[in-house]
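Since the structure is predicted, the reported quantities are computational estimates derived from the model, not experimental observations. Residue numbers begin at 1 in each chain, while the letters A, B, ... track the order of the sequences.
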Amino acid sequence: MTRIVGIDLGTTNSLVAFVDPQTGKPNCIPGPTGSTLCPSVVSLDSDGSIIVGAPAQRRLLTQPERTIYSVKRLMGRGPDDVQSELKLFPFRIDPASKNVIRVQLGDKVFTPPEISSFILRELKNWAEAYFGESVDRAVITVPAYFNDAQRQATKDAGKLAGLEVLRLVNEPTAAALAYGLDEKQRGKVAVYDLGGGTFDISVLKLISTAEGDIYQVLSTNGDTHLGGDDIDNLLQAFVHEQILQQDQIDFSPHGELAQELRRELIAIKHKLSEAQSTRLRFPLPNGKVYEHEFTRGALEALIRPVVDRTMVPVKKALADAQLKPKEIEEVVLVGGTTRTPLVRRTVQEYFDRRPHTELNPDEVVALGAAVQANILDRGVKNMLLLDVTPLSLGIETYGGAVAKIIPRNSTIPASAQELYTTGVDNQTGIDIHVLQGERELARDCRSLARFTLSVPPAPAGLPRVEVKFLIDANGILQVAAKDLRNGKVHSIEVQPSYGLNDADIEHMLEESIEYAEQDFAERQVIEARTESELILTATAKALAHPQSAGLSSEQRAKIDASMAGLQEAMRGSDYKKIRQRIDQLNHATEQLAELLMNSAVQSVLAGKNLAEV
Amino acid sequence: MASPFPIPNAPLVCWSCHERTLGTHFCSSCGKMLQLPQQSDYFAMFEMPRKLWLEMGGLEQKFLQLSWRLHPDNFVNATTEEREISLKRSSELNDAYRTLRDPIARVEYLLSIEGMRKEGTTKQQAPANLLEEVFELNESLDELREARESGGDTGALKLRLEAAEKNFQAKLNVIDGQLRDSAREWDQALEVNGDEASRQKIMAQLNELLNRRSYIRNLVVNVQKELS
């Protein structure tokens, strides 16, 4: 079995981490540049290849129409859901999109799970390069308040990236795992997680038992469209308005200039977390320069509405956990946006407690994902995570109302059974509509799936079908139906309302090969073969050298056998075997190398240069 | 609520070692997790009698203990079959804990497994002694809606509704007290192994109280919605 990594698939940055078996501590894995942060940006090159991370981020300025960021905001959503996002984000949605959004990059279209899979594949490559072995299983984190479709989309992305997703873990819960229980932390903990695009609050109870530590989530709440992006949008709108007033230049969010300005403004925002004021100088196309002195006070006045919005879910989560702010013993801050002093102050005042910020807020979720991966991988039996479903599961009843069958904040896995029968004679189908949300009417809740139970014709009311709705440990719905009269289990075609079906995924898996880098093992084989060719050529050349006459017949035979061995291994596709034979040949040619070296040294002394040896 | 376990109690044969097995959750021969609990109701899952007064600390302890062993985290590298059983069994454990932890859901569940309360048969009509008050309340609610539509003064109506809400809330508290009394009666009858007729009588009481409670609760929620 290969090792399992933990991945934080973030709105702004993504990371991959693992637990070091020696130290037992989680670590983030650095990429080629040495940074552990992989910007969640994807760009399609003109030759059709996919660019991910920092290089893609640079292309936001040069190739904005081929590049996408913050794709997490589109996961599991339909075209109608994202109209408001389109005003501020340069997403180019294919107008032909139906249930699943398709995003245009250059002349191609991709679904959000495909774009996310490119990011996951990049992180997979980072991990494989780091371990020197292939990685194909992962734990991936999601916002706690993600609904079923958003979770399913994340799982699909993993599959498309060639990863078996063993578990989706809620981000605030992962953060709690990363902080651990080792210090004085017992009792009730609130995790406030404000990231690039999502906000979560989770209330946990940490319990020590004889068997080990239990992390029991009592309640969770949030907003999957609230984060640092919203702060950036406010800043951008503010400056756009000023430039429009002063210079009559209208910035379209799609343009390169807007992207450049956005980058500058994000830098300003970061600076104001440390400094009290900073100055922006931004050259405009009309030759003038837009200048503005930003102060922390003015920034805080601008972003206060965003910070205040986070407090609504915080209060709901506490109410659901039946706790008062003062009953929370520890508060943990997670997500890059919690570096903002206003956020820290607001949280501290509300709970009247200094929040924990010891771990890097960018890394803590990935570290927690690694801890969960370790629990699953090594069967670590001294830690258990009991999470909840963030939204109530319901079914549409007569008149468009919703009957809640699994309440929000139920510990998962959770299930509910419903008994169905027919209303008219010889009815052969019963329509079932599954929803998620807290509202009373079906039209106000999120549609998860519709399906039809088929029943044999019979008088009305006679058929008895039991439908079991089960939310698994990933927070994803499974449905099974049983005919109670004959015990037969129905197979149910659940057509997701906002997601890819199995056929879509199969099709994308086939297509993804076109974009995929070669499989790790395949790359290793190619590299080993190339190296073998070099060493075989060099050995043949050395054997042709007069100095090789100094070899004993025994040594000579060993070299010949090793060469033959390597040639044979090269024809196979086991890179480990090829490496082993390379080592063998290197060992066999030690004497030969020495002879040549002596000859080279003599040549130098004789005034000849090395190339002539 | 339908009983989630349609299979009657019968000696179990372990799916893994094929021995007849005892034990509530795990096979007494090979130690594997059983596909169904030996006893098929929520009380039995926690190895507790069908009493309505439960010691919450003990219930939680048992829940955590079983979570350690049944949770899908333990079965990631196990066979597909074991993974599925773990998913099913741990979801049932969570459902059971959710139900038994809540005093009202606990009574409803007890009545459903005792055959007293059937799904879809709970009455939603106004209890006779409340008819007058319910009538008045509905009238006030209508008046409030009308006043809102015509832009009239709603202050006095709101005050009247707030008073009514308080009144019905007080009735709920009374019912909760009566439920506690009946629950105690039930537990005592269970302890002395009381006769079937008295058991039935207590269950009928509990059922009646639940119906009244659910009716009044709906009224209160409606008033709160209208007032907010």
> Of all of Ser410(A), Ala473(A), Ala210(A), Ala416(A), which one pairs up most often with chain B through heavy atoms under 4.5 Å apart?
Ser410(A)
> Does atom CZ of Arg217(B) have more than 12 heavy-atom neighbours from other groups under 6.0 Å away?
no
> Enter the distance from Asn409(A):CG to Arg98(B):CZ here, rounded to the nearest 0.5 Å.
11.0 Å
> If I take atom CD from residue Glu84(B) and atom CG from residue Asp472(A), how far apart are they, to the nearest 0.5 angstrom?
11.5 Å
> Counting only heavy atoms not in Arg145(B) (residues, nucleotides, ligands), do more than 12 fall under 6.0 Å from its CZ?
yes
> Does the side chain of Ser67(B) come within less than 4.5 Å of Ile214(A)'s, by heavy atoms?
no
> Other residues, nucleotides and ligands only: do more than 12 of their heavy atoms fall within 6.0 Å of CD on Glu55(B)?
yes
> Check Asp73(B) against Leu376(A) and note the closest heavy-atom contact, atom names and distance.
OD1-CD2, 3.3 Å
> If I measure from the heavy atoms of chain B, does Thr411(A) come under 4.5 Å with its side chain, its backbone, both, or neither?
both
> Which distance, rounded to the nearest 0.5 Å, do you find between the OG of Ser91(B) and the NZ of Lys468(A)?
4.5 Å
> So, the side chain of Asn94(B) versus the backbone of Ala414(A): is there a donor-acceptor pair under 3.5 Å, distance only?
no
> Restricting to non-hydrogen atoms, name the atom on Leu386(A) and the atom on Phe63(B) that form the minimum distance, rounded to 0.1 Å.
CD1-CE2, 4.0 Å
> Need one label for Leu166(A): side chain, backbone, both or neither, based on atoms under 4.5 Å from any heavy atom in chain B.
side chain
> Given a strict heavy-atom distance threshold of 4.5 Å, which part of Glu164(A) is in contact with chain B: side chain, backbone, both, or neither?
neither
> Could you check whether atom CD of Glu438(A) has more than 12 heavy atoms from other residues, nucleotides or ligands sitting under 6.0 Å from it?
yes
> Check whether more than 12 heavy atoms from other residues, nucleotides or ligands sit under 6.0 Å from atom CD of Glu440(A), and answer yes or no.
no
> What are the two closest heavy atoms between Ile412(A) and His71(B), and how far apart are they?
O-NE2, 4.3 Å
